[in-house]
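As C-alpha cells, the structure follows; a few thoughts come after it.
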Amino acid sequence: MVRKPLRQWMLRITAYADRLEKDLESLDWSEGIKKLQRDWIGRSTGAEVDFYIGAKENVATWKSDRSASGFPRKPDSDVLRVYTTRPDTLFGATYMVLAPEHAAVESLTTDEQKSAVEDYVAKAAAKSDRDRQDDKTKKSGVFTGAYAINPINDKPVPIWIADYVLASYGTGAIMAVPAHDTRDFEFAKQYDIDIVPVVQPTDNDDIDLEKLAAGEICFAGMGTAINSEQYDGTPTAEFKQKITQSLGSMGVGSEAVNYKLRDWLFSRQRFWGEPFPILHELNQEQYSKGAVEFTGKVRTVADKDLPVELPKFDNFNVQEDAGAGNEYAPPLDFADEQWLYPEIDGVVYKRETNTMPQWAGSCWYYLRFIDPKNDKVFVDPELEKQWMPVDLYIGGAEHAVLHLLYARFWHKVLFDRGHLQTKEPFQKLVNQGMILGDIEFTGYQDGNSNWVSSNDVHRDEERQPITKSGEALTPVKIDPDDAQKSGNTFVLKEDSSISVDSRAYKMSKSRGNVVTPDNVVETHGADSLRLYEMFMGPLEQAKPWSTAGVSGVRNFLDRVWRLVVEGDKDADKNEAQNEITLSSAVVDTPPNEEQTRVLHQTIKAVTQDIEKLSFNTAIARMMEFANFFTKQKQRPKECLSQFLLLLSPFAPHIAEELWSVLGNENTLAYEPWPEFDEALTIESSVEVPVQIMGKIKARLNVPRGTSKDDLEKIALADEKVVELLKGKNIMKTVVVPDRLVNFVAK
RNA sequence: GGGGGUGUGGCGGAACUGGCAGACGCGCUAGAUUUAGGAUCUAGUGUCCUUUGGACGUGCAGGUUCGAUUCCUGUCACCCCCA
C-alpha cells in the first residue's frame with residue numbers, strides 16, 4: 001500500500017468546533033453522547049511556544065526582538081512553534097519532535113543525518129495515522145542533527161522526527177517532556193534521551209518518588225513544580241497560568257486553544273454521490289488544440305442549472321493515469337465531453353469530478369422532509385419554523401460522533417447563512433438499544449473432546465478461548481435443553497461440574513443468529529412484530545430476541561380479537577376467519593363502576609407510559625385490560641372503542657379492523673386520543689399492610705384517604721396485631737396514609 | 001489502559017419522590033374442554049423449611065433509616081465505545 005497525497009475538498013468544521021461544543025448544553029441528550037461529542041471535538045487549552053532554531057549566537061538578539069515585538073500570529077522561519085497543554089512542564093522539555101511531514105524537516109536536517117531522515121520520512125508516509133498512534137507498536141524516530149533553544153532556560157534541546165507526532169494536530173511539532181508524558185517517556189527510553197522530572201506528585205498519588213527522580217517512571221498527573229527555578233513549589237494549575245503569562249510578556253509564547261477535531265475531508269473518488277457544483281476554468285487556447293490546462297480560476301454552477309445531475313455512465317471504476325494531471329482520476333473524469341466541459345459565455349470549463357460522500361444527504365434530509373416537493377427553496381421558512389427542531393430523534397449510538405456532529409455542523413452553517421431559524425436540529429435524542437440474537441449456551445472442549453468448565457477458560461490476545469496452559473479450545477454450541485441453572489451459572493445437565501457460558505450475541509451472518517423481520521411478519525404478522533419489539537424491554541437497552549416472546553404478544557392480540565369478535569371454533573389460528581361477527585358479549589350499555597375504573601386506569605397508564613417512551617409497560621397495561629375484559633360477560637362497546645384507540649399506535653392493523661367490526665364508519669386514525677378522568681381511576685378502598693419491626697404481619701382494608709390517626713387506631717385494633725404486640729412496648733409508630741403502618745416494638 | 005452502561009425468578013423484564021419485591025409476557029405444572037392439539041379456558045409457579053405457618057431473598061461486603069432494588073462507601077462480574 002502506498003499513501004498518495006490527493007487534492008481534495010475539505011469542509012472547515014473546525015471553525016465551528018467551539019459552538020458545536022458549547023451548544024451541546026442546550027440539548028436534551030444523554031450525558032454519555034454529549035461527552036462522546038465533546039471528546040471528539042477534543043477542546044484543550046494550553047499554550048503555543050516558539051523554540052529558536054537560528055544561529056546560537058543570535059539567541060539573545062532574538063529574545064530582545066521578541067520581547068519588543070510580542071508573539072507573532074504566524075511563526076517566523078527561525079523558530080519551531082509547538083502547542084502544549086502542559087506549559088508548566090517547559091523546564092522538563094529535553095527534546096523536540098517534528099512530524100515527518102513538518103515543513104521544517106528538510107531545512108533542519110544536517111548533512112550527516114540526511115539519508116537517515118529521508119528513509120524515515122518515506123517509511124512514515126506508508127503508515128496510516130491510526131497505526132502511527134497505536135500504543136502497542138514501538139515508538140520510532142530519527143535525530144535531525146539540529147538543536148533548538150528552550151526559551152525558558154536557553155538550553156539547547158535536540159530536534160527529532162517521529163511518526164507518533166501527527167502533522168494534523170496542533171502545530172505538527174511538540175516539545176517532549178518524557179518525565180510527564182507516557183509517549184515521550186517511551187521514546188526517550190528507547191533513544192536514551194534525558195529525562196528531567198519537573199512535577200512533584202501530591203501525597204495521595206501512589207507514585208514512587210525515587211524512581212520518578214531517577215527517570216525510571218513517568219507521571220502524567222498534576223502536582224507541584226520542581227526543577228523549575230523560581231517556579232518551584234507552584235501548583236500545576238497556577239503554574240500554567242503564570243508561565244503562559246510570562247511567555248507572553250517575553251513574546252515567545254501565548255495562550256492557545258486546540259481541537260482534536262480535524263477539518264472534514266468531503267470528496268470521494270466515486271461515481272455515486274452528489275457532484276460538486278464547481279467549474280474549473282480552462283485555458284481556452286490550449287483547449288481548442290485539444291489539451292486540458294487549468295487557469296486556476298473556479299466558479300460555481302449558476303443557480304438555474306442546479307442541481308448538477310450525474311451523467312449517464314457505464315464505467316464506475318477509479319482509473320489510473322487519467323491524464324489532466326490526475327494520477328488517480330475519479331470515474332466522472334470519463335464522462336462524455338458534453339457533460340464534462342460545459343461552455344458558458346464562450347468560456348469552456350471542466351466540471352469538478354470528485355463527488356460528495358453519503359453525508360451530503362444525511363446532514364440535511366430532516367429539513368427537506370418538511371417540504372419535499374418545494375422547487376423554489378430547500379425548505380419553506382414558514383414550515384421550518386413550524387416543524388423544527390426535531391422533537392425526538394431515535395437512533396443508534398453508532399451515530400454519536402459522526403452523523404450527529406456533521407448534521408449539527410451543516411445546520412449551523414445554514415443558520416449562519418440565514419436559511420434557518422433554529423441553531424440546533426435535534427432537540428431530544430434517544431439511543432435505542434440493539435436487538436441481539438437469541439440467547440446461546442456455549443461450552444468448551446479441548447483437543448480430546450473433553451469438556452472444560454468455562455471458569456477455567458482463558459482468552460489469548462485475539463480473544464480466542466484457551467486453557468490455562470495455553471491449549472486451544474473449541475467453543476461448542478449447546479442445546480438449551482442440555483443446560484441447567486446451578487447457582488450463578490449454567491452447567492451441563494450431564495455433568496454439573498462443567499459450567500457453560502450463556503449470553504446473547506449481536507446478530508451477524510457469520511454467527512447465523514439473524515432474525516429476518518419479513519419471516520416474522522410471515523409467521524406472526526406485522527402487528528405482532530411491532531408490538532413484540534416494543535414489549536421486549538426498555539427502549540434504550542440492548543435485549544435478546546426471543547421468538548417465543550413473539551408468540552406471547554400474538555396471543556395477546558388474539559385475545560383482543562376475541563374480545564370483539566365471536567369465536568369461530570373451526571378456524572385455525574393462522575387462517576383467516578370465514579365470518580367475522582360481533583361477539584354477543586359486546587353490549588351497547590354504559591360500563592359499570594369497575595369497568596369504568598379499569599378503562600380510565602388503562603388510559604392514564606398508557607398515556608403516561610407513552611410520554612416516557614416506556615412502551616413495554618404501556619403494553620403490559622393493555623394486556624391487563626384485555627385480561628380483565630375477557631372475564632367480563634358484558635363488554636360495553638364504549639370501553640372497547642376507547643381501548644382500540646390506545647392500541648392503535650402499537651398494532652394499527654388489528655385495531656383498525658376491530659374498530660370497523662364495532663360498527664364505526666370511518667378510520668380511527670382521526671379520532672382524538674382517549675382522555676381519562678383522574679377521579680374515575682381511584683379505587684374507594686385500599687389495602688394497607690401493617691408491619692411490626694419492618695415485617696408485614698397483617699393487611700387492613702380501609703377507605704382510601706383514611707387519616708393517620710384513624711389508620712393507627714384501626715391497625716392497633718387488628719386481632720393479629722394485638723396478639724403480636726402483647727407484652728411489648730411500642731417505641732415508635734410510622735404511619736403513611738394509604739401506604740403502610742409500621743410499629744417498632746420491643 | 002481510558003470512558004460509558006448493566007447486574008432483580010428457569011428467561012425477557014416491572015416496582016411513582018425510600019414504603020406490600022417479582023406487574024406483564026415467555027416457559028413450566030395441574031385441571032377443564034376437545035377426535036386430536038403446538039388451540040382455548042381455569043388455577044398454580046422466587047428459594048428453603050416439618051405443615052397451619054415461618055425463614056431467607058434484588059451480583060458481593062458494609063453503612064444510613066422505623067423501613068433500601070431505590071441513597072452512601074467499597075468490591076466483583078459482564079457488555080459497549082475509544083485507544
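Per chain, numbering begins at 1; letters A, B, ... match sequence-line order. Computed over heavy atoms, backbone and side chain alike; hydrogens, waters and symmetry mates excluded.
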A:His524 atom NE2 is separated from B:rG38 atom P, nearest whole Å, by 16 Å
When the distance from NZ of A:Lys697 to P of B:rC20 is rounded to whole Å, what number comes out? 17 Å
Taking CD from A:Gln691 and P from B:rG18, how many angstroms apart are they, rounded to a whole number? 17 Å
P atoms of B:rG3 and B:rU8, separation to the nearest Å: 25 Å
Heavy atoms under 4.0 Å, any strand shown: does A:Ile696 hit a base, just sugar-phosphate, or nothing? sugar-phosphate
Value in whole Å for how far the P atom of B:rC41 lies from NZ of A:Lys633: 12 Å
Regarding B:rC20, can its base be found pairing with the side chain of A:Arg699 as donor and acceptor, where the two atoms are less than 3.5 Å apart? yes
Report yes or no: does A:Trp40 contribute a side-chain atom to a donor-acceptor pair with the main-chain N or O of A:Lys260 at less than 3.5 Å? no
Under the rule syn = chi within 90° of 0, otherwise anti, which is B:rG59? anti
What distance, rounded to whole Å, do you find between the two P atoms, one in B:rG74 and one in B:rC66? 24 Å
Looking only at atom P, what distance separates B:rG13 and B:rA30, rounded to whole Å? 29 Å
Describe the nucleic acid contact of A:Lys631 in one word from base, sugar-phosphate, nothing, applying a heavy-atom distance below 4.0 Å. sugar-phosphate
When rounded to the nearest Å, what value does the distance between C1' atoms of B:rC76 and B:rC11 take? 24 Å
For the C1' atoms, the ones on B:rU64 and on B:rG12, what distance do you get once it is rounded to whole angstrom? 34 Å
Would you call A:Lys713 and A:Asp709 a salt bridge, using N to O less than 4.0 angstrom? no
Review item, nucleotides 1-8 of chain B N/O atoms under 3.5 Å of protein N/O:
none

For A:Arg621, is there an ion pair with A:Glu624 - N to carboxylate O distance below 4.0 angstrom? yes
Distance-only, no hydrogens or angles: does the A:His403 side chain make a donor-acceptor pair with backbone N or O of A:Trp359 under 3.5 Å? no
Nearest whole Å is fine: how far is B:rG13 P from A:Ile439 CD1? 8 Å
One character per nucleotide, please: for nucleotides 23-30 of chain B, 5' to 3', B when the base has a protein heavy atom closer than 4.0 Å, S when only the sugar-phosphate does, - otherwise. BBSS----
Using a strict 4.0 Å threshold on nitrogen-to-oxygen distance, state whether A:Glu31 and A:Lys34 make a salt bridge. yes
Validation row: A:Leu646, A:Phe625 side chains within 4.5 angstrom (heavy atoms): no
Any side-chain heavy-atom pair from A:Asp181 and A:Thr89 closer than 4.5 angstrom? no
Starting at atom CZ of A:Arg554, determine the distance to atom P of B:rA39, rounded to an integer number of angstrom. 12 Å
Whole-angstrom distance between B:rG44 and B:rU52, as gauged at atom P: 16 Å
Criterion salt bridge (charged side-chain N to carboxylate O under 4.0 Å, His left out) on A:Asp558 and A:Arg562, from CA distance to verdict: CA-CA 6 Å; A:Asp558 287 343; A:Arg562 289 191 297 268; 5.0 Å; no
Any side-chain heavy-atom pair of A:Phe615 and A:Glu533 under 4.5 Å: no
Short question: side chain of A:Tyr532, backbone of A:Ser546 - any donor-acceptor pair under 3.5 Å? yes
Taking only side-chain N and O atoms of A:Arg739, does any of them lie within less than 4.0 angstrom of OP1 or OP2 on B:rG18? no
Would you verify whether the NZ or CZ of A:Arg635 falls within 45 degrees of the ring axis of A:Phe629 while also being under 6.0 Å from that six-membered ring's centre? no
Would you mind classifying the nucleic acid contact of A:Val744 as base, sugar-phosphate or nothing, using non-hydrogen atoms under 4.0 angstrom? sugar-phosphate
Determine the Euclidean distance between corresponding P atoms of B:rC71 and B:rA23; express it in Å to zero decimal places. 22 Å
If a pair means Watson-Crick or G-U wobble with both distances below 3.5 Å, what does RNA chain B look like in dot-bracket form, with | marking bases paired to a different strand? (((((((..(((......[....)))((((((.......))))))((((...))))..(((((..]....)))))))))))).
I need the CG-C1' distance between A:Leu740 and B:rA21, as an integer number of Å. 14 Å
Assert: residue with more 5' nearest nucleotide on RNA chain B, out of A:Thr630 and A:Val688, is A:Val688
Among B:rC81, B:rG13, B:rG19, which nucleotide sits nearest the side chain of A:Pro544? B:rG13
A:Asn258 and A:Arg43: side chain donor to acceptor below 3.5 Å: no
Separation of the P atoms in B:rG10 and B:rU45, to the nearest angstrom: 15 Å
Is a salt bridge present between A:Lys604 and A:Glu678, judged by a nitrogen-to-oxygen distance below 4.0 Å? yes
Output the rounded distance in Å from CG (A:Leu563) to C1' (B:rC41). 14 Å
